[in-house]
Amino acid sequence: MKYWLFKSEPETFGIDHLIKRPKQTEQWDGVRNYQARNMLRDDIKIGDKAFFYHSNCTPPGIVGMIDIVKASYPDTTAFNPESKYYDPKSTPDNPRWFMVDVHFIKKFDRIISLEELKQHPLLENMVVARRGSRLSITPVTAEEWKTIIAMRK
DNA sequence: GCCAACGTTGGC
DNA sequence: GCCAACGTTGGC
């Protein structure tokens, strides 16, 4: 099993939105970056766990935990001209973008802020904490996962 | 709202 | 295939 970090803007789709979804499950759609796409398509499997990270807010940070309940399948928002994620170059026969289904596990009692992540000696190489890190999906090592779990109270 | 960092596009 | 111009992300 692998660990990940999924970024989302709380105004658009935050952890509270996920909690209210049927079965507390939602498609993680709209990823339009090739590096993130490759991870979604090739590496992220059922049973993997991820931190839910709120970006573009004050403060940015980790707010909870999710797991993957359905592995890679074509992102159907790319086929829909009405969608803001529409991409005419992605077709059902030759899909360019992929998504997974994520399921709520828990919301932490507090936000573990980006600043805190950056300050922790065991997390200094964590991808999301690196300068200029813009990837919406990043890998998390088992050690980083354990460290962050221990910080949450 | 600014802007650094980074990804993508397209002319050549 | 290079790289300048442009667009986006997201912390601050």
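Numbers restart at 1 for each chain; the letters A, B, ... are given by sequence-line order, proteins then strands.
- Between A:Y85 atom OH and C:dT9 atom P the separation is 9 Å, expressed in whole Å.
- Closest-nucleotide positions on DNA chain B for A:N56 and A:N33 were compared, and the one nearer the 5' end corresponds to A:N56.
- Of the candidates B:dA5, C:dG10, C:dC12, the closest approach to any side-chain atom of A:S55 belongs to C:dG10.
- The backbone N or O of A:G61 sits nowhere less than 3.5 Å from a side-chain atom of A:S113 that would complete a donor-acceptor pair.
- One interatomic measurement links the two molecules: NE2 of A:H54 to P of C:dT9, which rounds to 17 Å at whole-angstrom precision.
- In this structure, CZ of A:R130 is placed 11 Å from P of B:dC6, rounded to the nearest angstrom.
- Across the protein-nucleic acid pair, A:E9 atom CD and C:dG10 atom P stand 7 Å apart, rounded to whole Å.
- Side-chain N or O atoms of A:R41 include none that pairs as donor or acceptor with a backbone N or O of A:W97 at under 3.5 Å.
- Considering only side-chain N and O atoms, A:Y34 lies nowhere under 4.0 angstrom from the phosphate OP1 or OP2 of B:dT9.
- Whole-Å rounding puts the A:E11 CD to C:dG11 C1' distance at 16 Å.
- Nucleotides of DNA chain B nearest to A:R134 and A:K89 differ in position, and the one nearer the 5' end is that of A:R134.
- Formation of a donor-acceptor pair under 3.5 Å by the A:S8 side chain with backbone atoms of A:F13 is found in this model.
- In this structure, CD on A:E143 lies 12.5 Å from OH on A:Y3, to the nearest 0.5 angstrom.
- B:dT9 atom P lies 13 Å from atom CZ of A:R32, rounded to whole Å.
- Taking atom CZ of A:R96 as the reference point, atom C1' of B:dT8 lies 11 Å away to the nearest angstrom.
- Dashed line: the shortest gap from a side-chain N or O of A:K7 to OP1 or OP2 of C:dT9 is not under 4.0 Å.
- In this structure, the NZ atom of A:K84 is 8 Å from the P atom of C:dT9, given to the nearest Å.
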